[in-house]
Amino acid sequence: MSSFAELGLEPNLLHALQDLEFENPTPIQLKSIPVLLEGVTDFVGLAQTGTGKTAAFGLPLIQLTNEKENYPQALIICPTRELCMQINHDLATFKKYKSIKTEAVYGGTSISTQISTLRRGVHIVAATPGRLIDLIERKAIHLERVKYVVLDEADEMLNMGFRDDIHFILENTPQRNSLWLFSATMPDEVREIANSFMSSPMEVTIGKKNTANVNIDHYYFVMPANRRYEALRRLIDLNREMYGIIFTRTKAGAQEIAEKMGRDGYKIEALHGDLSQQQRDRVMRKFRDKTVRLLSATDVAARGIDVEGITHVINFELPDDPDIYTHRSGRTGRAGKKGICFSLCHSKEFYKIREIERLIKTPLQKMDIPSGKEVCKKLITDFVNTLLDVKPNSELDFQLTEEAASGFEQLSKQELLSKIVTLELKDVIDSYAHGEDLNVRKENAGKPRGDKHNAPARHGFRKLFINLGAKDGFHKANFLQFILDKSDLKKSVVGRIDMKELFSYMEVENNVSKKIIKKLNGQKFRGRILRVNEAGSFSGNK
Ligand code: AMP
């Protein structure tokens, strides 16, 4: 394996890497650093979070920056404030022995401080799209001489509706020598950016496309939908050392779990978009320093979070879009460490498990939700081990305890232990006293018998996935009209429509499928970018 020095990095950077104890380049670093250091090649890196991609682009950017020229020469655009801060932090550690100035600009915080920092001169700017555009419009940042632009987590940014902003930013970097795009997945919208703004990019894929990280073990549990919370508690009680994120589909869901678990005696915080920026920062601080080890979060709020050492990701509810599963599970199993992803699923969601398996090309293993008795047994064993590890205070005078100890004479070891365990774990043991079996075990449980959702398209038709659903205010009739208006097609080419809450499936005649996809993809609906693809191309069931 090549060393960082062999990749062409300068001594200052090698020194910083030594301080960070980065011994060998990761695969994405191996492939990208030598190419990016040339500074002229457009580049597409398909890599999951946690593969070391920040250093893959950050080190070349620092080396290519001219310290003597006091203006922005490189721009990194990323989806969230958290990721932006993370990137800036990483750059700061890499440039330790250089006098390059970097700055993170993101929303939700004072723009005037950012403006004054930019005025003093910055070489590399990490930015979220919205705040960057604000700064461009206020003429507080000038991108005329930016030579390198990085789009990090490009698929996330496009999912979040930043397509037009990205176009605007890229159109405003006329002196760009190269564009480097990093993404975990390669949906059509990302391909469109590459096609529009890159010339013959070099494309590097780490692992198979859309393949989940091999360091993650994936398990799922099947239970009635209304028993999810009990199942969640059992899994957490069985893994008391868990440092994890529990994903929910809604902000209310994330809040509810945090509140319920808080009442049940767990230390947990919620992270979602209804919190103010300060509240979110406070939550993240507590989570990072492990004052709380559990976070219940929505996808949007948790985007870009890079917290070291997360042991578990729990899908309290499965996402509708299997791509989101990849993003969620990617919060664990980072930097070569092992991670576990648990998914709670009710019996009608079985098809989603299959879709995820097809996407990540890895089976999810079915496991039984532990019984109350198993959980208690584990808790007691853990407690006894902790007790055995306690080193008695050497100052404690034996005589002080002697008298009290005489009270134990009548008790057997077993009785004594029962008393201590009861004292320590009474509440939790009581709560499991009548713990029922939560598993759904019926044969065929959850197979979507006749569920239109999973049904293949009829002969002569193709099934399209569209990321709009009932939640966007549609019912079948106005949805059909909307699609026809946007695509200039006749009603006769459309077959069945299967409308879900967050997305829909629509059958269209074979010969118009491509046209519809082309027409609709990238259009906007209430500020959101439409995503349309053949259902088979994301679920794999062509
Ligand atoms: P990233 O994908 O950039 O978010 O990086 C994931 C984690 O891997 C971060 O905590 C980095 O500090 C760490 N990392 C990146 N490159 C290396 C390397 N070559 N050796 C060890 N750790 C690394």
Side-chain angles (χ1 to χ4, degrees), residues 1-10 12-37 43-63 74 76-96 102 104 124 126 128 150-157 180-185 204-207 211-216 243 245 284 287-290 302-311 313 326-339:
M1 177 181 278
S2 306
S3 64
F4 279 111
E6 285 168 280
L7 301 183
L9 291 173
E10 59 188 29
N12 276 339
L13 291 174
L14 297 176
H15 194 175
L17 291 173
Q18 262 170 13
D19 293 350
L20 287 169
E21 295 178 5
F22 286 12
E23 282 168 16
N24 294 307
T26 66
I28 185 81
Q29 292 160 2
L30 271 177
K31 291 195 175 167
S32 59
I33 291 174
V35 181
L36 300 186
L37 278 176
F43 181 90
V44 174
L46 285 173
Q48 306 285 333
T49 48
T51 50
K53 61 190 167 62
T54 316
F57 63 75
L59 295 166
L61 280 187
I62 293 173
Q63 185 154 329
I76 302 157
I77 310 167
C78 62
T80 61
R81 168 193 165 101
E82 281 76 19
L83 183 57
C84 193
M85 294 195 291
Q86 182 71 44
I87 292 172
N88 197 39
H89 167 268
D90 288 0
L91 293 178
T93 60
F94 303 149
K95 63 153 189 138
K96 191 170 163 193
T102 66
I124 303 177
T128 52
V150 180
L151 301 179
D152 193 18
E153 303 214 349
D155 51 351
E156 293 275 9
M157 286 198 280
W180 307 341
L181 181 154
F182 289 82
S183 191
T185 57
V204 163
T205 303
I206 296 303
T211 300
N213 181 336
V214 289
N215 286 324
I216 305 170
Y243 182 37
I245 306 184
M284 279 314 297
F287 188 58
R288 269 183 219 286
D289 68 21
K290 299 193 180 164
R303 249 168 214 157
I305 291 182
D306 176 24
V307 176
E308 281 227 354
I310 289 179
T311 58
V313 162
T326 323
H327 286 293
R328 288 182 178 181
S329 56
R331 304 285 142 226
T332 184
R334 295 164 82 86
K337 292 201 184 111
K338 274 276 176 199

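Atoms within each ligand, like the ligands themselves, are counted from 1 in listed order.
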Query raised in the report: Which residues satisfy the side chain to side chain donor-acceptor pair (under 3.5 Å) test with Thr51, sequence neighbours excluded?
Result: none

Query raised in the report: Between Gln29 and Ala55, which heavy-atom pair has the shortest distance, and what is it?
Result: NE2-CB, 3.4 Å

Dump all N/O pairs between ligand 1 and the protein below 3.5 Å as a table: atom names plus distance, one pair per row.
{"unit_1": "ligand 1", "atom_1": "2 (O)", "unit_2": "Gly50", "atom_2": "N", "d": "3.0"}
{"unit_1": "ligand 1", "atom_1": "2 (O)", "unit_2": "Thr51", "atom_2": "N", "d": "3.1"}
{"unit_1": "ligand 1", "atom_1": "2 (O)", "unit_2": "Gly52", "atom_2": "N", "d": "2.7"}
{"unit_1": "ligand 1", "atom_1": "2 (O)", "unit_2": "Lys53", "atom_2": "N", "d": "3.3"}
{"unit_1": "ligand 1", "atom_1": "3 (O)", "unit_2": "Lys53", "atom_2": "N", "d": "3.3"}
{"unit_1": "ligand 1", "atom_1": "3 (O)", "unit_2": "Thr54", "atom_2": "N", "d": "2.9"}
{"unit_1": "ligand 1", "atom_1": "3 (O)", "unit_2": "Thr54", "atom_2": "OG1", "d": "2.6"}
{"unit_1": "ligand 1", "atom_1": "4 (O)", "unit_2": "Arg334", "atom_2": "NH2", "d": "3.4"}
{"unit_1": "ligand 1", "atom_1": "10 (O)", "unit_2": "Glu308", "atom_2": "OE2", "d": "3.4"}
{"unit_1": "ligand 1", "atom_1": "16 (N)", "unit_2": "Gln29", "atom_2": "NE2", "d": "2.8"}
{"unit_1": "ligand 1", "atom_1": "19 (N)", "unit_2": "Asn24", "atom_2": "O", "d": "2.8"}
{"unit_1": "ligand 1", "atom_1": "19 (N)", "unit_2": "Gln29", "atom_2": "OE1", "d": "3.0"}

Query raised in the report: Which pairs, with at least one residue in residues 14-30 and sequence neighbours excluded, count as a salt bridge (charged side-chain N to carboxylate O under 4.0 Å, His left out)?
Result: Asp19-Lys96

Query raised in the report: So, for Ser183 and Thr185, which heavy atoms are closest and what is the spacing to 0.1 Å?
Result: OG-O, 2.6 Å

Query raised in the report: If you look only at pairs with a residue in residues 84-93, which of them pass as a salt bridge (charged side-chain N to carboxylate O under 4.0 Å, His left out), with sequence neighbours excluded?
Result: none

Query - Salt-bridge contact Glu153-Lys53 (side-chain N to carboxylate O under 4.0 Å) - result: yes

